[in-house]
Amino acid sequence: MTALPSFFNNKIPILKQIPIFQGLNWFVLNRISRCVEIVDFNKGDIICQQGAPADAFYALVSGRVYSYSLNPSGHKEDVDFILRGMQFGIVSTLTGENHSRTYEAINDSVVIKINKDSFSQLLKSIPQLAVALSQSLSQRIRKQVTHTKNTQESTIIAVYAPVQGAGASTYATNLALGLKEQTDKRILLFSLSSDMSEDRMDLTHIAGDHHSILNTIIKGALSVDLLSAKFDQQNTTLMSNISQFVSALVNDYNYIVLDLPNEMDDVVMKTLTQADVVHLVSVDNERDLDTTRQVIDKISEQLKERFDAERVQVIISGVKTENRFSPEEIKKILNYDVFLFLPYLQASEFTCKKIIPGFTFVEVEAKSEYAQTIRRLSRQISNVMIGLVLGGGAALGITHIGVIRVLEREGIPIDIVVGSSMGALIGSIWSLGHTADDMEEYGREFENIMGLLNIYDPIVPIAGFVGGEGIRQWLKGKLENKTFHDSKIPIRIVVYDLFHRKEIVVSDGSLVDAVCKSIAIPGVIRPIMEGKQMIIDGGVLNPLPTNVLTQMGVKKIIAVNVLQSPEEVDWSQKKEDENLIKFFDLPFSKHPFKYIGFRLHRIFSKIFTPNIADIIVRTLQATEFVIAEQSAKQADVLIHPDLRGIQWYELNKVNELIKRGEEAAHKALPAIKALVDR
């Protein structure tokens, strides 16, 4: 905290920016200004602390502040945001009670402070001020009664590439456009250059004047508003205004994307430390990765204990290099997690368009993988991600293919998939870019007995009846040696560690390994031993893992439960009994082959029914359905296909299973579309 050297005449224009002082004449403002102290707070500074004695009236001139109360365990709760022109600390000042909340600077902030005794005298002697304050308090009381909060209206995203040629400007521009497309909120793209020869507005001329900044913004050239400016790296006076400039537009825009120049200087570093989120765009070669690591270290040094790795994110550009590193190698060089890998942008997938002097826009083809990645990221940033949960159910899980077909046909965007058991298998194949038509073709491999025998590798029934190697080889034919990093749609796979009674959410490594773990039905398929873990089917304890998405903060969840309800099982049993009666009534003279076939089937059924595998799976699915019913409550849209008359082991009924998945998804379409548009 630093007291700013402010002279008497400079305070009146500042006072006029605060609503409760607006409308007062010059003489009254003159009097108030004598009591005003203008204080500068750095990002992360505590302005006033919960429980501290009442000290002053505060009003925010520039920057952002958020307030919160601390519960007995020390966690922040009841968070609210203070934006430019808002006042705080009033109730404590008037009542003399200790502060009930803590106020902390989000950005470097300039605050008006009036000592509580001086403020009380001003209220007594200036009736207009008392009336304005009374109205302000009335509005606050109404908000408390209606539980209305001040939301954080703006998120500042700084995009910076430590080296040229990383495609940072293309990324920043398309991120801004993606945010506009996905949220339809107010977006500002601010392109900053250190080349003073460019035909742009000089930042020094507008940095300290909010109205000048607004007048410089270009509207209509793109779907987002555009501010294009340049600055002189030798101009040291700009540093005193840069913090105020970065946060100047938080009241006017929901998202501000800053496209910064490649050069690292004091202005760029100050801007990076003032942003809410920093995206460091790098190329995957050792030199550029080392440079990126140095930038991370510099930001960490500047922010000290306020450094948050979740807000300083590394983006690996899609720019082609001669020798590409694997994700593991990149992480090792950086010693830092990579937030996003951008797809390579083909020359045919973009065009360069000159929008205004000094600013060229790189327009990306909407159907390109690059554009799809940016759209998915935009939904993630704006907290409108759509997650798909695919539950377990053995052969019944083939219905997921029908659901996916409808989602593809209708263009429903899915940002992340979570799968358990058969849902993990279907989800992993889809995540790599295989379509519903592809998966239907794969499913047809099990329509004949040879297809089933190819995945059946019986073992001595100690840990199971099936070893799982046949299934692994089949999966390798579809998933190859792909890892979670290769997925076009992010995926999480749920497995269960039986030794430690612990759910594990797998998000990296081999997809084949993860799926084999998640489909290891206990007692049927041999569990996978890994270190001191015995890993089995993830569906045993979490057949519909909606909790994985809620814990990730995903707000829009579509869940597909393919487990049969007790009513569906009962209906199937009654239907089977009815069919038995019909077959028993068949006369040998009219249908000799059906007559003989039916009775042979009955003989073998009596020999092998009940069998251990069937007993285990039916028992598991009975309990899993109850668990899935509870998990389904966390979904916004629940799809439950009609699976009456189909058994858990009937992999050969591909047509019927996919058809029922399509029918269920089609019925849910109105709810799904409403969720997407919400």
When you check the gap from the basic side-chain N to the acidic O, do K219 and D225 get nearer than 4.0 Å? yes

When the ring centroid of Y68 is compared with that of Y66, is the distance short of 6.0 Å? yes

With sequence neighbours excluded, give me every side chain to side chain donor-acceptor pair (under 3.5 Å) pair touching residues 302-311. none

Side chains of D195 and S193: any donor to acceptor distance under 3.5 Å? no

When you compare the side chains of S69 and R101, does any donor N or O come within less than 3.5 Å of an acceptor on the partner? no

Closest non-hydrogen atom pair between P490 and D415, with its separation: CD-O, 3.2 Å

Y58 six-ring face occupied by K113 cation (under 6.0 Å, within 45°): no

Would you find a donor on one side and an acceptor on the other, under 3.5 Å apart, between the side chain of K11 and the backbone of C35? no

Under 4.0 Å between a side-chain nitrogen and a carboxylate oxygen: does that hold for D276 and K43? no

Quick one: salt bridge (Lys or Arg N to Asp or Glu O under 4.0 Å) pairs with a partner in residues 171-183, sequence neighbours left out? K180-D184

Would you mind checking if D297 and R293 are paired as a salt bridge, meaning a charged N to carboxylate O distance below 4.0 Å? yes

So does G96 get a backbone contact from the side chain of K116, meaning a donor-acceptor N/O pair under 3.5 Å? no

May I ask you to check whether E97 and S92 show a side-chain donor-acceptor distance below 3.5 Å? no

Can you find a side-chain donor-acceptor pair between Y171 and H279 that sits under 3.5 Å? yes

Between K353 and E363, does any NZ, NE, NH1 or NH2 come within less than 4.0 Å of an OD or OE carboxylate oxygen? yes

Side chains of N71 and S73: any donor to acceptor distance under 3.5 Å? yes

V159 and V257: which non-hydrogen atoms are nearest, and at how many Å? CG2-CG1, 4.1 Å

